[in-house]
Amino acid sequence: MTSLFREVTPGTAEEIPVREITVTVNGQRRSAVVEPRLVLAHLLRQGFKLTGTHTGCDTSNCGACTVLVDGRPVKSCTMFAVQADGHEVMTVEGLAGPSELHPLQEGFKEEHGLQCGFCTPGMMMASKALLDENPSPTEDEIRWALSGNLCRCTGYQNIVKAVMWAAGKLDGETAEVQA
Amino acid sequence: MMKLRFASPEMLVDINEIPDLDYHRVDDDGTIRVGAVCRHADLERSSLLDTRQPTMAAAAPLVADPIVRMRGTLVGSVCHADPQGDWASVMTALDASIIAQGPNGRRSIAVRDFVLGPFQNALAFDEIAVEAVVPTPRGMPAGGYLKLERRVGDYATVGVAVAIDRVGSQVGRAGIALTAVGPATIAADAAAQKLTGRPLTADNIGEAAELAAEAAQPKSDHRGSADFKRQMVRVFTSRILTGLLRSEEEAA
Amino acid sequence: MTAVDEIKIGGMGASRRRVEDNRFIRGKGNYVDDIVLPGMLHMEILRSPLAHARIRSIDASKAWAMPGVRLVLTGETMAARNLAWMPTLSYDTQAVLATDKVRFQGQEVACVIADDPYIAKDACEAIVVDYEPLPVIVNPTQSMADGAPLIRDDKENQPNNVIYDWEVGDKEGTDSAFAQADLVSKIDLHYPRSHPSPIECCGSIADFNRATSKLTVYLTTQAPHIIRAAVALVAELPEQMIRIISPDIGGGFGNKVPVYPGYVASILASILLERPVKWIEDRTGNLISTGFARDIYLHGELALRKDGRILGVRMNTTADHGAFFSDAQPSKFKIGLMHSAFSCYDIPNAHLLARGVYTNKAPGGVAYRCSFRVTEAMFFQERMVQAAADDLGMDQAEFRRINFVRDDDFPHRTPWGFLTDSGQYGKCLDVGLEAVGYQDFLMEKEEAAKRGRLLGIGISTMTEPLGAGNSREYDILGIKMFDSAELKIHMTGKALLRTGAKSQGQGHETTWAQIVAHELGIPAEDVLVEEGDTDTAPFGMGTYASRSTPVAGAAVAMVSRKIRSKARKIAAHLLEISEEDVEWELGRFYVRSQPDRGVTIQECAVAAYSNMPDGMEPGLENVAYYDPPNLTWPFACYIVKVEVDPATGVWDVLRMVAVDDCGVRINPMIVEGQIMGGLTEAYAMANMQFITFDAEGNCIGSNFTDYLLPTAWETPGFELHEVVTPCPHHPIGAKGIGECAAVGGPAAFVNAVMDAVKGSGVRNIDMPVLPDRVYEALQTGQDISGAPPVKM
């Protein structure tokens, strides 16, 4: 249907200017043939049908497209798909385990950390990166870490609470494992 | 730039995958080296910079926003040569250089010669910038970076980088550079000169702040009038230096 | 048996966690851009780089020749089908694609439909348009000047750039009040142009099926039924063959009320190509061409008595509507509800003059988180009130208190003819002053001033008319502003509820079920709520102007009562008693004389399908259309403490206290979420968020690097308090809340900064109160105007 990307089985030759790439997305190896100018967000959304990653601006400001690349939060509209070749990408669809939600997902629901839901995937991915690095952040640390993600609905106060909630739950889980 | 279609290059080379360019380190002699793929976020989290290069430590968390800092690089920012870019000022204040590498080998270009104008740098078409080098301090490094932005991720309305090397109670070397108040980064050399070779005092801080304001060439726009921007240069220069003076007095 | 516990079943007052979150937190929302249809093509729009220019020619031959390009639409193509112009919501016309002239920067000139969006964008760049530049107008002064270029030369009987002059109130009475005044307080203000900017931009997917003649359009719209009617009229298609689906909406705030050229073009493209056509706007397109907000100038005057009483008010407003008058507002009111200003104050005389003008700026005057210009009205009101208190040398809180409408004076007729329903204004103010520590702060401020620090406190108190509207006064293009709900109780006692509203984040799927739970005792989790599909939802006017709870929410209560009324008959039949002997408690009917003998609502539902009384229609379904008797009148008091840095003009919020009285709260958690969101937008407007223009008409604020939205870092923390005065005419006592904080908040922030700097003699700094404006005001002691063009 489109020349920008087409999922193929690895090894298929394609004419220039497309390139074949292999990306591990949410733990699954996936290959695609893409134009070099295709941005990662569009590969995820239109190519891999992972529409949880949203795009909300043209200038790398809004952060709705935030995903983790090799564990680091990245605005996926500001990275070409070819740059993800050989790397690991995690999107919002990869947050939940097979049977249960990630504590951040629970926290956002529990603390009313979302309204229209459009910025939420990016917020949660940025929050995950924060908690991976700093498991018990202060309010200021959360506000700072999320300052590359815009939300128009909530006023952020409940997003901060949601991340706190998740940190508390993750802390409890760690304690359980240690006990 | 490409997304807004201001630039549509026919060929683009991604240097992210070049191995071993993601370092930043301090040599034995105190020289700081930042590789081309070292991210802003790495500098922000660096345990080295707080003591070894406080001006850089102050600037790192103020560049763009926390997610953009994960991908963006210091060397890339200097190459971009945006007059509103933070790192070009910091590097200018530190008398830093960019190492360019091409088929004919490596060459070092002082940052103040490297930035030619808005979005123009001195790289030849077959060269890439591989490293930024901050020279050995001539004393104990101190300094700061202040930026007026209305929200995280905003371009600087005004930014001021101040870097001094202290030798005893004297200022051994001083560098002051200004962000977003001219067609390119501005080196406020006369202001820096005022501080060199003598102790910091309220008087010479005031004079330096005044000279820095004079060096600015701001234009009025929706971020503020030229007069206002000049005033911000004055205030920020003075505030950084006064902060240094105060911490000096507290230490004594 | 006893009644069910209302909180346990998620009824009124329960902070029930939201149903819609289950999909959003998993990344499984279904927004327009997530939808992919087989064979779908993509549309991009070529926009004008100039603000005012004659189009000499358009050469699209290179675009047509590009591989993957399926169709290029220009004004000429549209004109051939009588679609080059479309009617607006305010009885004007708007160009779909420009034919003669472009009248603002960003105006739609051509569309390319291609196999993918990248190709479509490439092809847009290949279109060559030859423009002849014309003089540009970016503010009303230029617009009304002698010899100003005529922007709307397409219209007959349009000799100049004035759109309307409108007047309301008693001029003579007001003149005599001013003649008797001890003091007249005057102020000139500009509420700058702003943009709602939901994080999801606008977009559409038009899918015309030639075989069935059915047109399905997936649309980012807050009002799907209105759009259906508009499409039927504009595209001349039979209305039953049009289906508008508004899926998940990534925020609206008014931006998604109007009909945009992109929607119309994608529909025509789908009809011509017989394939689905998707158009997703980019952020620049969103900011420079769709539904801006505000951009109104005020000269305001208050006639004051020495003791602080306000004797009269004059407001003279000039609205900059851009190139086409396409405001979303009730047909009767040319400047929306501007005349709802001063409704919380007891003022005997008032007069309002309003003028609207064309300029070379984007059209659309949408009510950004606002009921038809109420935001401007309340901002002007509260800035005028503070200036008046200062002019009198009176405490700003006390000045408000003595002019408030008293609690025992409801319903109260406002000076411009509204009827406010209820409120406890003094109490709200007291709660706010107490919470913020008002008296202590005044002393702290004085102490700080001695050390050169500038502290300030700002208050904003207001009541606003929410819930458009009663059909006597409110219509849009003649359609009365009622709303609807349809409730189907299934045999097993579970329910399906549909309304004519459309949530964009307000949580209707959660709260509507709570109203059903409150009325019928059916657990909220047993009620599925659906909205946004015109083939299934009952006709409604959509969600904006904080009208969902006041109107659609009332319809939900009313349809539930209709269901209960039928269920009562079934209960009487099951209990084998006469209907008069049946009593109701939540979830259950019982025999009055034997309370332990009863049937649950669920048992009635089974009987409605299996054991109804003789002669009764089977089933337990109904629909209600609710035409509110009046608007609802929530009240709010917002108080902000700031510190201004005199050297830089930067100000920081030290504290922000909000007291909201929105009547009965259905879901307190959601209500508080709405308030915090509104306060953030208030802060944004006061601090950074504005769209301005240079003298050439270039839009400054065309992307998020120039149009600044606050992040989590700058946004202050908010302290929320509540007062509850139930709405006397709403079935469940609720009032609107979605907009209060965004409406009342901005003045609190600006008043706080003005309070801090007033020692310098400055009386006004236009929003946003940018550091450079504060600095200049402190240096010069002069008021600062924010009117475009921006000084370069």
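Keep in mind the model is a prediction, meaning the values are calculated, not measured. The sequence lines fix the lettering, A, B, ..., with proteins before strands; numbering per chain opens at 1.
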Engaged part of T715(C) at the chain B interface, taking heavy atoms whose separation is under 4.5 Å: neither
With only heavy atoms counted, which part of L770(C) is less than 4.5 Å from chain B, the side chain, the backbone, both or neither? side chain
When only pairs under 4.5 Å are counted, which of V235(B), V152(B), D154(B), D227(B) shares the most heavy-atom pairs with chain C? V152(B)
What are the two closest heavy atoms between A647(C) and Q231(B), and how far apart are they? O-NE2, 3.1 Å
Go through the structure and list residues passing side-chain contact (heavy atoms from CB on, under 4.5 Å) with Q779(C), not counting sequence neighbours. Y775(C)
Nearest atoms (heavy-atom pairs only) where F228(B) meets T648(C): CE1-O, 3.3 Å
Taking atom NE2 of H222(B) and atom NZ of K791(C), what is their separation to the nearest 0.5 Å? 14.0 Å
Per the side chain to side chain donor-acceptor pair (under 3.5 Å) rule, what does the pair list look like for residues 56-84 of chain B, sequence neighbours excluded? K75(A)-D65(B), E44(B)-R69(B)
For a side chain to side chain contact (heavy atoms under 4.5 Å, CB included) check, start with the C-alpha distance between N703(C) and L4(B), then their side-chain angles and the critical distance, and finish with the verdict. CA-CA 10 Å; N703(C) 59 52; L4(B) 293 173; 4.3 Å; yes
Given that the side chain runs from C-beta out, which part of P771(C) has a heavy atom under 4.5 Å from chain B: side chain, backbone, both or neither? both
Does the side chain of R5(B) reach to within under 4.5 Å of the side chain of D122(C), using non-hydrogen atoms? yes
Please check if the side chain of R150(B) supplies one atom and the backbone of N687(C) the other of a donor-acceptor pair under 3.5 Å. no
If you define the side chain from C-beta out and look only at heavy atoms, does anything of D706(C) sit under 4.5 Å from R223(B)? yes
